[in-house]
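Please read the structure below before turning to the comments.
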Amino acid sequence: HAKREGRNTVRFFSRDVHEQVRETLTLTRELRWAVEREQLVLHYQPQVDARTQQLVGVEALVRWQHPEHGLLSPARFIGLAEQAGLIQDIGTWVLREALRQLASWRDQGLPVVPVAVNLSAAQFAHPGLVELLRQMLQQFHLPPEWLELELTESVAMQNSDNTIAVMASLKRLGVKLSIDDFGTGYSSLSYLRRFAIDKLKIDRSFVVGLSHDAQDEAIITGVINLARSLGLHILAEGVETPAQQAVLCRHGCDVLQGYLFGRPMAAEHIAQLLAHPPVAAIAA
Ligand code: C2E
Ligand code: MG
Ligand code: MG
Ligand code: MG
């Protein structure tokens with residue numbers, strides 16, 4: 001019995017893997033058409049002032065409205081896009097759509113907030129990036145400081161001539177730069193000195209344990225103090241509970257983002273938030 005079961009298990013396992021590979025190939029093939037077929041959509045997650053809970057920014061997060069599989073999260077397809085050389089097209093679409101949306105809110109007379117956009121390493125390395133951004137900002141008549149680019153530590157810590165030059169050009173252009181998932185990448189902090197970074201986004205993994213894990217709180221305190229002494233803004237990602245919010249506020253974190261304040265949502269919902277800010281429960 002055991003033998004038969006074992007054999008079946010192996011066969012089942014290999015068929016499973018085979019199916020996964022096929023699914024990945026199919027998904028990649030379909031992804032090539034996703035931009036053209038207008039299947040990508042941006043959701044926006046609120047970023048709020050830690051003290052007043054006022055909306056101070058939104059992060060654009062891409063989704064794929066797949067005809068059969070429904071709304072796919074970026075975890076399902078950004079990696080595929082990077083491997084298949086599709087990330088330039090998708091990334092350019094994301095940038096243009098985020099700026100178009102921001103200009104549209106502005107044109108509706110809404111009091112807009114800056115939009116943050118995630119950038120893949122390959123986009124950052126592309127020689128046309130700065131010019132592309134300059135043209136897009138001009139096309140929509142947007143001030144550059146309304147756009148914030150989120151880079152990961154692995155991008156920022158590269159010490160190549162190209163990285164240094166691109167960082168300087170982005171700075172001259174006037175867009176804001178933030179480090180995403182701070183604390184999960186490389187431990188070298190020298191890039192913080194080398195580049196004109198505006199903001200650190202503390203990764204969710206450090207926020208999760210706040211209020212019961214003394215080590216997480218020590219890390220958060222350290223990062224906030226580091227950011228403050230370097231003159232950087234500091235945002236905490238993945239805030240889900242009032243207890244986490246309280247600890248972050250107590251230690252002087254500037255901006256909070258997480259399900260407690262809003263999930264990533266469709267642009268229409270952000271428009272409503274901009275038009276009718278919820279009355280914040282201002283504590284003392
Ligand atoms: P990220 O940039 O760190 O974005 C934050 C992620 O955490 C989002 O997942 C968001 O929905 C999720 N999140 C926010 N608050 C909470 C919370 O309170 N609890 C929990 N459990 N999760 C929270 P999402 O939208 O699935 O995006 C995942 C990642 O995909 C992003 O991480 C980013 O690295 C990447 N990504 C998303 N959009 C783009 C894009 O347009 N271009 C590129 N290159 N990457 C993107
Ligand atoms: Mg991000
Ligand atoms: Mg992040
Ligand atoms: Mg993250």
Side-chain angles (χ1 to χ4, degrees), residues 12-47 57-101 115-126 129 132 148-156 178-185 201-208 235-240 257-270:
F12 177 74
F13 176 71
S14 58
R15 186 169 52 223
D16 210 38
V17 168
H18 184 73
E19 224 138 74
Q20 270 178 34
V21 171
R22 269 174 56 124
E23 200 183 285
T24 300
L25 288 174
T26 307
L27 217 56
T28 308
R29 186 156 32 76
E30 293 166 338
L31 190 54
R32 278 179 207 287
W33 299 98
V35 169
E36 204 166 307
R37 292 180 181 161
E38 302 185 345
Q39 291 172 350
L40 297 184
V41 16
L42 293 187
H43 282 184
Y44 300 86
Q45 187 175 30
Q47 301 177 332
V58 291
E59 177 176 6
L61 294 156
V62 70
R63 276 94 181 85
W64 179 8
Q65 186 63 64
H66 190 282
E68 290 133 48
H69 309 308
L71 200 63
L72 298 184
S73 81
R76 288 285 297 279
F77 64 91
I78 287 293
L80 292 184
E82 286 170 341
Q83 285 161 33
L86 302 170
I87 197 65
Q88 300 296 348
D89 283 357
I90 291 174
T92 299
W93 180 85
V94 168
L95 280 164
R96 182 169 285 116
E97 174 60 15
L99 293 179
R100 186 202 62 74
Q101 185 60 70
V115 64
V117 174
N118 294 281
L119 224 59
S120 285
Q123 286 178 273
F124 187 80
H126 193 282
L129 173 68
L132 178 73
E148 178 176 311
L149 299 175
E150 296 196 0
L151 312 169
T152 57
E153 288 171 289
S154 53
V155 171
S178 65
I179 301 298
D180 205 355
D181 306 337
F182 184 76
T184 61
K201 298 188 71 177
I202 307 178
D203 191 65
R204 180 158 63 86
S205 55
F206 301 109
V207 173
V208 159
L235 177 151
E237 295 190 286
V239 182
E240 292 185 353
Q257 179 178 347
Y259 294 168
L260 183 61
F261 310 100
R263 297 203 169 227
M265 55 185 91
E268 304 85 74
H269 289 117
I270 294 292

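Please read these numbers as outputs of a predicted model, since none were measured by experiment.
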Exercise. Any sub-3.5 Å donor-acceptor pair from Gln45's side-chain atoms to Gly262's backbone N or O?
Worked result: yes
Exercise. Are any non-hydrogen side-chain atoms of Pro264 and Glu59 less than 4.5 angstrom apart?
Worked result: no
Exercise. Would you say Leu40 and Val94 make side-chain contact, with heavy atoms under 4.5 Å?
Worked result: no
For this session: State, yes or no, whether a side-chain contact exists between Leu95 and Thr92 at a heavy-atom distance under 4.5 Å.
Result: no
Extract all donor-acceptor atom pairs below 3.5 Å that involve side chains of residues 80-89 and protein atoms in other chains or at least two apart in sequence.
| unit_1 | atom_1 | unit_2 | atom_2 | d |
| --- | --- | --- | --- | --- |
| Glu82 | OE2 | Ser120 | OG | 2.7 |
| Gln88 | NE2 | Ala122 | O | 3.0 |

Exercise. Are Glu97 and Arg100 close enough for a salt bridge, meaning some N to O gap below 4.0 Å?
Worked result: yes
Problem set entry | Beyond-backbone contact of Phe182 with Leu235, side-chain heavy atoms, under 4.5 angstrom | no
Problem set entry | Check: Val62 and Trp93 side chains under 4.5 Å, non-hydrogen atoms | yes
Exercise. With distance as the sole criterion, is a donor-acceptor pair present between the side chains of Gln257 and Gln47 under 3.5 Å?
Worked result: yes
Exercise. So do Gln20 and Asp16 actually touch side chain to side chain, heavy atoms under 4.5 Å?
Worked result: yes
Problem set entry | Set of salt bridge (charged side-chain N to carboxylate O under 4.0 Å, His left out) partners for Glu30, sequence neighbours left out | none
Problem set entry | Val207 side chain near Glu237 side chain, heavy-atom distance below 4.5 Å | no
Exercise. Does His66 NE2 have over 12 foreign heavy atoms under 6.0 Å away?
Worked result: yes
For this session: Only counting residues at least two apart or in another chain, list the ones meeting salt bridge (charged side-chain N to carboxylate O under 4.0 Å, His left out) with Arg37.
Result: none
Problem set entry | Side chain proximity check, Leu27 to Leu72, heavy atoms < 4.5 angstrom | yes
